[in-house]
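So the structure is just underneath, and the comments pick up after that.
Heavy-atom basis, side chains included; hydrogens, waters and symmetry copies ignored.
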Amino acid sequence: MKTNQIYPTDLTDAQWYCIKDLIPPAKPGGRPRTLQMRAVINAILSVVVTGCQWRMLPKEYPAWQSVYAYFRAFRRDGTWQRIHETLRAQVRRRLGRHKHPTAGSLDSQSMKTAQGPGIRGYDAGKHVNGRKRHILVDTLGLLMAVVVTAASISDAAGAKLLLKRLGGACKQLRRIWVDGGYRGQLLEWVILHFHFVLQPVLRSDDQKGFVVLPRRWVVERTFAWITQCRRLGKDYETLTESSEAMIYIAMTRLMIRRLARK
């Protein structure tokens, strides 16, 4: 079967079929769209997976300026998140789950940043100068929400920013597992403002070294999935909104690959 792949990061025919109808049509009244959107998406995936700079995209793809323009436009109007949420619902249904999760896991990951403009801070606990990714995932490890902040922002403060962004896809949440860093006033704040509760999962005092903790390992696995994309092994983006979009794209790619399997 022909796949029309030039590079391994390109979508196969089956993978493109999963996403093609989710790409927004050209806006009426403007210049007609001349680029093939499959080539544009392939170019964006190449940046996310390989970590190359926009200006260093292979010549087989459309001009990098055009590719970046679509990435930025889709980031601004929320297209990346909408595509991601649609595919997450499809993956959950295929596995016999309701499209709206009832439980999840929340955690953060501090990452170094590249030299250049953009917010950053120092995480004294992890000894990292950079940014912090706060993510909420369902029990399958699929992303539900993400917020990127300076690494100096505490886990509790980052969790508040993330939980305030939750949309209708999270309306049936009843329980979120967290680690000990999310205890204290945050637990009371969540009870006052939401219909779900935060449930800490703690290590016992006699445990030494690395231990896989119930429920919390799911979100740690999601961080591992994300950082398999080289662009996300470090935060290279000037805007935190671009960092968040890259994470949605990485998880979208993961779900497309799953849905394309027979």
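Both Leu254 and Phe74 belong to a single network of hydrophobic side chains, linked directly or stepwise wherever heavy atoms of I, L, V, M, F, W or Y lie under 4.5 Å apart. A single hydrophobic cluster is not seen to contain both Met56 and Leu45; linkage of ILVMFWY side chains at heavy-atom distances under 4.5 Å, directly or through other members, places them apart. Linking ILVMFWY residues whenever their side-chain heavy atoms come closer than 4.5 Å, directly or via other members, leaves Leu161 and Val148 in distinct clusters. Follow the hydrophobic side-chain contacts under 4.5 Å out from Trp64 and you reach Met37 in the same cluster. Cluster annotation: Leu143 is not connected to Val178 through the hydrophobic network of ILVMFWY side chains, with a link wherever side-chain heavy atoms come within less than 4.5 Å.
Considering every non-hydrogen atom in both Ala159 and Leu186, the closest pair reads CB-CD2, 4.0 Å. In this structure, Arg261 and Arg257 approach most closely via the heavy-atom pair CG-O, 3.3 Å. Looking at every heavy atom in both residues, Asp107 comes nearest to Glu220 through OD2-OE2, 2.7 Å. The minimum heavy-atom distance linking Arg82 with Asp77 is given by the pair NH1-O, 2.7 Å. Residues Leu35 and Ser66 approach most closely at CD1-CB, 3.5 Å, considering heavy atoms. For the residue pair Phe196 and Val190, the shortest heavy atom distance occurs at O-CG1, 3.4 Å.
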Under the salt bridge (Lys or Arg N to Asp or Glu O under 4.0 Å) criterion, do Arg165 and Glu244 qualify, and how do the steps go?
CA-CA 13 Å; Arg165 289 193 185 183; Glu244 293 164 5; 3.0 Å; yes
Would you check, one step at a time, whether the test side-chain contact (heavy atoms from CB on, under 4.5 Å) holds for Gln90 with Thr86?
CA-CA 6 Å; Gln90 292 178 12; Thr86 300; 3.7 Å; yes
Intermediate values then yes/no, salt bridge (Lys or Arg N to Asp or Glu O under 4.0 Å), Arg231 and Glu237:
CA-CA 9 Å; Arg231 186 81 177 199; Glu237 313 310 318; 2.8 Å; yes
Pair Gln172-Thr102, side-chain contact (heavy atoms from CB on, under 4.5 Å): steps then yes or no:
CA-CA 5 Å; Gln172 292 192 15; Thr102 59; 4.2 Å; yes
Check the pair Arg88 / Asp138 against salt bridge (Lys or Arg N to Asp or Glu O under 4.0 Å), numbers first and verdict last.
CA-CA 10 Å; Arg88 186 188 64 227; Asp138 63 13; 5.1 Å; no
Would you sort out whether Thr79 and Tyr248 count as a side-chain contact (heavy atoms from CB on, under 4.5 Å), showing the intermediate values?
CA-CA 10 Å; Thr79 293; Tyr248 278 118; over 6 Å; no
Verdict with supporting geometry, Arg131 and Thr240, side-chain contact (heavy atoms from CB on, under 4.5 Å)
CA-CA 9 Å; Arg131 292 178 179 167; Thr240 55; 4.1 Å; yes
Give the intermediate values and the outcome of side chain to side chain donor-acceptor pair (under 3.5 Å) for residues Tyr70 and Arg33.
CA-CA 11 Å; Tyr70 274 106; Arg33 180 179 287 174; 3.2 Å; yes
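Side chains of Trp54 and Val67 form a contact here, defined as non-hydrogen atoms less than 4.5 Å apart. Between Leu166 and Met144, the closest side-chain pair of non-hydrogen atoms is not below 4.5 Å. Looking at heavy atoms from C-beta onward, Asp179 lies out of side-chain contact with Val201 at the 4.5 angstrom threshold. Contact of the Arg92 side chain with the His100 side chain is not registered, since no non-hydrogen atoms from C-beta on lie closer than 4.5 Å. Side chains of Leu187 and Val197 form no contact here, defined as non-hydrogen atoms less than 4.5 Å apart. In this structure, Arg38 and Asp13 have side chains that are in contact, with non-hydrogen atoms separated by less than 4.5 Å. Looking at heavy atoms from C-beta onward, Ile249 lies in side-chain contact with Phe71 at the 4.5 angstrom threshold. Using a 4.5 Å heavy-atom threshold, the side chains of Ile135 and Val137 count as touching.
Going from atom CD of Glu85 over to atom NZ of Lys99 covers 10.5 Å, rounded to the nearest 0.5 Å. Considering CE of Met255 and CD1 of Ile19, their distance stands at 9.0 Å, rounded to 0.5 Å. Atom CG of Leu232 sits about 5.0 Å away from atom CZ of Arg133, to the nearest 0.5 Å. Expressed to the nearest 0.5 Å, how far SG of Cys170 lies from CG of Leu136 amounts to 6.0 Å. Distance check, rounded to the nearest 0.5 Å: CD of Gln15 to CD1 of Ile41 gives 13.0 Å. In this structure, OG1 on Thr149 lies 6.5 Å from CD1 on Ile119, to the nearest 0.5 angstrom.
For an aromatic pair to be called close, the ring centres must be under 6.0 Å apart, and His84 with Trp80 fails this.
With Gln199 contributing its side chain and Ile176 its backbone, the two residues share no donor-acceptor pair below 3.5 Å. Looking at Ser242, its side chain never comes within 3.5 Å of a backbone N or O of Thr238 through a donor-acceptor pair. Without hydrogens or angle criteria, Lys132 side chain to Ser108 main chain gives no donor-acceptor distance under 3.5 Å.
Side-chain N/O atoms of Arg216 and Ser105 include no donor and acceptor closer than 3.5 Å. There is a side-chain donor-acceptor pair under 3.5 Å between Arg120 and Thr113. No side-chain N or O of Tyr68 forms a donor-acceptor pair with one of Arg55 less than 3.5 Å apart. Side-chain contact check for Thr139 and Arg97: at least one donor-acceptor pair (N or O, by modelled atom type) lies under 3.5 Å. Checking Tyr236 against Gln53 by side-chain atom types alone, no donor-acceptor pair falls below 3.5 Å.
For His195, the NE2 atom counts as loosely surrounded, since its 6.0 Å shell holds 12 or fewer non-hydrogen atoms of other residues, nucleotides or ligands. Open room surrounds CD on Gln36; 12 or fewer heavy atoms of other groups in view lie less than 6.0 Å from it. Counted within 6.0 Å of OH on Tyr17, heavy atoms from surrounding residues, nucleotides or ligands total 12 or fewer; the atom is thus considered open.
A cation-pi arrangement is present between Arg258 and Trp225 under the rule of less than 6.0 angstrom and at most 45 degrees off the ring axis.
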